[in-house]
Amino acid sequence: MQGIDLNNSSPESSESKNHSIITGGSSGIGLSIAKKLVAQGNNVSLIARDQSRLDEAWSILSALKNNDVQEIGVFSANVSVKSEIDIAVRMAVERFGPPRNLILSAGIVSPGYFEKLPDDAFETDMSVNYFGSLNTVRAALADMAKVDGARIVFISSGAGLAGIFGYSAYAPSKFAIRGLAEVLRAELKEKRIAVSICFPPDTDTPQLHQELKVRPAETSGIAGQAKVWNSDDIAKKIIIGMDKGHYMITPGVEMTLLARLHSLLMPLLFRMFDRAALKFKS
């Protein structure tokens, strides 16, 4: 566990600014969100596993700062390990104060045919995607209750709205995030903590590039019917949704229709998915 901070501003000066904690913030959507928040003047804490990627992200974000007292912190932790995320969040809060925004972007995807996936694929996807989000919220919640206008942002997936061929390990973990967000949206109103959930489509990230090497042809055939988004464009949609106080953030027409008309569209989607899977069967 390591926090990196190369500025020497006092805790008082850093706490006067909005503080955002972002898990999975060293690359992909998380890093794109961090860039936009830093450009807005936020102090930002990134939490991820890979220290070298965190160091690279720190350099990128430092170049975007508005002033000398604005700070960036990076903390190496595995979100699926409760003790590690507890320490990382505590370190971030001690350095920058309670977070106004908690953005849960850490995730993993293990695509493959259900019968061929190893047991640990199901455990890993659920541990990182669902329990990683859960652990982080529980670690930060008490401090967030001290901040006016606090908001938690869950990052789910289009696969959290519809079960897609090849995602038997991944989709249930993203469905679980959706359920948690719905419950917390109601329960946290009393604490005046708002909740948002985003359902991004396929996004051009390092994780997608790795996934494409191993995911079934049928999965790629289904996903190929929609465009691949740029992570900066997804981040822009998320920031706009946060600013407008939206609970559900659905980039693009496909995700918006799926989110709003899920039950009505499912018979049609099943037929579309089945035809695509058959066409691209490996």
Side-chain angles (χ1 to χ4, degrees), residues 1-5 19-31 33-34 43-55 57 73-110 118-147 150-157 160 169-188 190-191 193-198 207:
M1 176 81 60
Q2 182 179 4
I4 294 179
D5 168 37
H19 176 206
S20 298
I21 295 178
I22 305 174
T23 65
S26 61
S27 64
I29 293 173
L31 180 56
I33 295 171
N43 289 326
V44 171
S45 295
L46 304 184
I47 300 175
R49 289 180 295 180
D50 190 322
Q51 186 66 53
S52 62
R53 281 191 175 184
L54 283 169
D55 293 344
V74 296
F75 306 90
S76 176
N78 184 339
V79 295
S80 67
V81 179
K82 188 177 185 304
S83 59
E84 290 191 17
I85 194 64
D86 284 348
I87 293 171
V89 169
R90 185 169 69 248
M91 290 173 65
V93 171
E94 288 176 353
R95 187 66 189 88
F96 303 118
R100 183 178 300 274
N101 301 308
L102 179 65
I103 299 166
L104 306 161
S105 187
I108 193 170
V109 53
S110 301
D119 290 342
D120 61 5
F122 300 92
E123 296 173 0
T124 299
D125 280 27
M126 190 63 75
S127 293
V128 174
N129 298 338
Y130 174 69
F131 283 105
S133 297
L134 175 70
N135 291 341
T136 309
V137 171
R138 288 177 67 85
L141 191 60
D143 288 303
M144 294 189 76
K146 304 172 184 176
V147 180
R151 179 172 295 273
I152 298 168
V153 182
F154 291 92
I155 308 296
S156 182
S157 164
Y170 179 65
S173 69
K174 293 298 188 176
F175 267 80
I177 289 173
R178 177 183 170 189
L180 178 61
E182 289 183 4
V183 172
L184 294 185
R185 182 204 63 81
E187 288 197 17
L188 297 183
E190 184 178 350
K191 296 181 180 293
I193 298 174
V195 173
S196 297
I197 182 168
C198 181
Q207 179 169 274

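Hydrogens, waters and symmetry mates play no part in the numbers below; they use all other heavy atoms, side chains included. All residue numbers in this chain count up from 1 along the given sequence.
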- Item | Residue pairs, two or more places apart or on separate chains, that pass side chain to side chain donor-acceptor pair (under 3.5 Å) and touch residues 98-107 |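 Every side chain to side chain donor-acceptor pair (under 3.5 Å) pair that includes a residue of residues 98-107, provided the two are not neighbours, is Asn18-Arg100, Ser20-Asn101.
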So which atom in [X] and which in [Y] form the shortest heavy-atom distance, rounded to 0.1 Å?
X: Val147; Y: Pro99; answer: CG2-O, 3.9 Å
X: Leu102; Y: Ala140; answer: CD2-CB, 3.9 Å
X: Ser26; Y: Ala48; answer: OG-CB, 3.5 Å
X: Phe96; Y: Gly73; answer: CZ-N, 3.7 Å
X: Ala92; Y: His19; answer: O-CE1, 3.5 Å
X: Val93; Y: Pro98; answer: CG1-N, 4.1 Å

- Show your reasoning for whether side chain to side chain contact (heavy atoms under 4.5 Å, CB included) applies to Val89 and Ile47. CA-CA 8 Å; Val89 169; Ile47 300 175; 4.1 Å; yes
- Please lay out, stage by stage, how Leu54 and Asp50 fare under the test side chain to side chain contact (heavy atoms under 4.5 Å, CB included). CA-CA 6 Å; Leu54 283 169; Asp50 190 322; over 6 Å; no
Distance, nearest 0.5 Å, that separates [atom1] of [X] from [atom2] of [Y]:
X: Asp143; Y: Glu94; atom1: CG; atom2: CD; value: 9.5 Å
X: Cys198; Y: Ile177; atom1: SG; atom2: CD1; value: 11.5 Å
X: Ser196; Y: Phe154; atom1: OG; atom2: CZ; value: 10.0 Å
X: Ile103; Y: Ser45; atom1: CD1; atom2: OG; value: 11.5 Å
X: Leu141; Y: Lys191; atom1: CG; atom2: NZ; value: 6.0 Å
X: Glu182; Y: Arg178; atom1: CD; atom2: CZ; value: 5.5 Å

- Task: Quick one: do Leu104 and Thr23 satisfy side chain to side chain contact (heavy atoms under 4.5 Å, CB included)? Show the steps, please.
- Result: CA-CA 5 Å; Leu104 306 161; Thr23 65; 4.2 Å; yes
For a quick test of your reading: what N or O donor-acceptor pairs under 3.5 Å do the side chains of residues 127-138 make, sequence neighbours left out?
from	atom 1	to	atom 2	distance (Å)
Ser127	OG	Glu123	O	2.7
Asn129	OD1	Ile108	N	2.8
Asn129	ND2	Ile108	O	2.9
Asn129	ND2	Asp125	O	3.2
Asn129	ND2	Ser173	OG	2.9
Ser133	OG	Asn129	O	2.9
Asn135	ND2	Val79	O	3.1
Asn135	ND2	Phe131	O	3.1
Thr136	OG1	Gly132	O	2.7

